[in-house]
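Here's the structure, in structure tokens; my notes come after.
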Amino acid sequence: MNNNQPLLVIWWPKALDQTRAEEEGRVIRVRYEVQSRNGDKLHGGEEALNRLPKDQPCLVLINPTELGLFAVIPPKLSGSKLKEALPFLVEPYLLNEPEENHVSLWPGLPGHTGGAKLAAVLGKARARAVVTACSQHGLKLAALSCETLRERTGQEGAAWLSGQDFILVDGIDTPLLTPTQQPAVLKVMLQRRLQQVGTPVIHASANDYAWLAQQVEGALGENRIQATTRAPIEPLPKLLNKSLLGIDELRKLGMRPMVNQLGVRKLIAPALALFAVAVLGLNVLAFKAQRATAAIEAQIAESFAQALPNTPMVADPLLLIEREKRSLNAGLDTSNAQGASALLHEVGQAMDVAPFNSMVDFAWADNTLSVRFNANVTEDQQGAALQKLKARRLDAKWLIGAQSKLPVLQVKKGPTQ
């Protein structure tokens, strides 16, 4: 996306209007403007969605009544953990489930105590409907945002008319949004906001101020709202950096979001160089790690072979050696064909295909060896081991541990069943 390319700004209608148009088989009509990147209007009006320019990046502005804005103090988290926590942070303000919303954090409350930020909440179903319509009509969606996320350009407040809404941003509380068609509500809400401690002087353009003064009839006392050439609010193209849905979320909804191609080109060369260095470094580390691992495994195999000759390592070698040591210390008859060591040796050979570290422990009682394995020993491996043991004329069977629920192999010298 060229940073100098004009921007198509669309004020999206309410969900009810969109649904009604779709049910009647009509294409929704939207208010739009084509603006330069500094916010100057080039042209605009009202048009059907399918007749808008398809070759310009598009900024879609959600209707302010469909975006929840709440002053919250975010937890001391960052990255994916913060993103996962946000829906539950605003849960007390919402009627639906936290998982049904897109929630994002934005600045805009420098006068609010406690380091609060604006939490913007947009229903996932509503976002999906908007993005799907943009995709169907070939619009090049660059961002999905809302006018109420605009920030002041100074210490003063800003007020402006947008369609059928009056919006006021003062930086000490969430933006004020009231319908222009209800002057009584507008007057009450405006008076309450102007009476707040710390509210700055509010500036509105001359046209907006004249309309406002006529509607509220003296509610602008003490010159708290003043006329100016242009309200001190950032231009709409700045909202490209305040998208309610990230690039990954837009892709999941089937939209290929536009990106800043110039910025990407500038990053390609350093990214490739960094990638080459990273790959080289990882290869060196991997080579060193493989050599170290091979040396350790060779030492383990040699030590194990000396301690338990002709015994495969079906479990952790240290565990097997320790178990064998305990058995010897307990005075078990290892020379007897029915001894624990002999049977353990037979089990090791029968379970030679079992996963490494699959053996948990074993016990010896009443001339019977009970070997407990992890759940990663499959039924096929169990059956194969059973056949091998029976071929050695050993009485063997598989059980399920009463407490651990893990497979247990019981073996003793005797005729096969």
Side-chain angles (χ1 to χ4, degrees), residues 3 6-12 31-44 57-71 104-112 116-120 122 142-180 186 189-190 192-194 196 198-213 215-216 219-220 223-244:
N3 288 332
L7 180 68
L8 174 63
V9 182
I10 299 177
W11 284 264
W12 205 265
R31 178 165 65 100
Y32 80 97
E33 287 184 7
V34 176
Q35 295 188 359
S36 65
R37 288 311 174 97
N38 59 8
D40 293 331
K41 177 181 175 181
L42 303 180
H43 63 87
C58 175
L59 169 64
V60 171
L61 300 177
I62 290 291
N63 191 286
T65 60
E66 297 178 340
L67 182 72
L69 288 179
F70 308 99
S104 51
L105 277 184
W106 306 104
L109 296 175
H112 201 286
K117 290 188 176 182
L118 281 176
L122 177 63
L144 183 68
S145 192
C146 183
E147 270 196 280
T148 46
L149 291 179
R150 298 170 77 183
E151 293 185 62
R152 304 171 299 163
T153 55
Q155 299 297 320
E156 299 172 336
W160 70 97
L161 295 173
S162 178
Q164 298 180 346
D165 296 314
F166 169 77
I167 304 174
L168 184 150
V169 174
D170 57 18
I172 66 169
D173 208 339
T174 55
L176 174 65
L177 175 72
T178 57
T180 58
L186 173 61
M189 297 297 292
L190 188 58
R192 288 182 179 177
R193 177 56 65 93
L194 295 178
Q196 284 185 291
T199 300
V201 174
I202 307 298
H203 288 274
S205 66
N207 291 337
D208 292 347
Y209 177 84
W211 178 91
L212 187 60
Q215 296 296 314
V216 300
L220 311 181
N223 296 321
R224 298 299 300 278
I225 294 186
Q226 300 176 4
T228 185
T229 304
R230 186 171 181 175
I233 199 74
E234 63 183 3
L236 289 175
K238 291 290 186 180
L239 293 179
L240 287 172
N241 298 322
K242 295 183 180 180
S243 182
L244 300 170

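The first residue of the sequence shown is numbered 1, and numbering continues consecutively from there.
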Nearest atoms (heavy-atom pairs only) where [X] meets [Y]:
X	Y	answer
Pro235	Gly39	CB-CA, 3.7 Å
Val34	Pro6	CG1-CB, 3.9 Å
Gly163	Arg31	N-NH2, 3.4 Å
Ala206	Ala227	CA-CB, 4.3 Å
Pro57	Ala142	CB-CB, 4.3 Å

Rounded at 0.5 Å granularity, tell me how far [atom1] in [X] sits from [atom2] in [Y].
X	Y	atom1	atom2	result
Leu176	Ile167	CG	CD1	9.5 Å
Gln215	Leu190	CD	CG	12.0 Å
Leu8	Cys58	CG	SG	4.5 Å
Arg150	Leu239	CZ	CG	6.5 Å
Lys117	Leu69	NZ	CG	14.5 Å
Leu7	Ser36	CG	OG	9.5 Å

Check residues 153-161 and write down every donor-acceptor pair under 3.5 Å in which the side-chain atom is one partner and the other belongs to a residue at least two apart or another chain.
| from | atom 1 | to | atom 2 | distance (Å) |
| --- | --- | --- | --- | --- |
| Thr153 | OG1 | Pro232 | O | 3.4 |
| Glu156 | OE1 | His203 | NE2 | 3.0 |
| Glu156 | OE2 | His203 | NE2 | 3.2 |
| Trp160 | NE1 | Glu147 | OE2 | 3.0 |

For this session: Would you mind listing every side-chain hydrogen bond (donor to acceptor under 3.5 Å, both in side chains) that reaches into residues 228-240, with sequence neighbours excluded?
Result: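 Sorted result for residues 228-240: Glu234-Lys242.
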
Partners meeting side chain to side chain contact (heavy atoms under 4.5 Å, CB included) with [X] (sequence neighbours left out):
X	value
Glu33	Trp11, Gln35, Lys41
Ile172	Asp170, Gln196, Thr199
Ser104	Trp106, Ala120, Leu244

If the condition is side-chain hydrogen bond (donor to acceptor under 3.5 Å, both in side chains), which residues does [X] pass it with, not counting sequence neighbours?
X	answer
Arg152	none
Asp165	none
Asp40	Asn38
Ser205	Asp208

Side chains of [X] and [Y], heavy atoms from C-beta outward: is any pair under 4.5 Å?
X	Y	answer
Leu61	Val9	yes
Pro175	Leu177	no
Thr148	Thr174	no

For this session: Sort out for me which residue in Leu220, Ile202, Asn207, Thr180 forms a side-chain contact (heavy atoms from CB on, under 4.5 Å) with Leu212.
Result: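 Considering Leu220, Ile202, Asn207, Thr180, a side-chain contact (heavy atoms from CB on, under 4.5 Å) with Leu212 is found only for Leu220.
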
Exercise. Who pairs with Tyr209 by ring-ring contact (aromatic ring centres under 6.0 Å, His included), at least two apart in sequence or on another chain?
Worked result: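 Testing Tyr209 for ring-ring contact (aromatic ring centres under 6.0 Å, His included), a comparison that skips the adjacent residues, returns none.
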
Problem set entry | Heavy-atom donor-acceptor pair, Ser145 side chain to Ser243 backbone, under 3.5 Å |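 Not a single qualifying donor-acceptor pair exists.
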
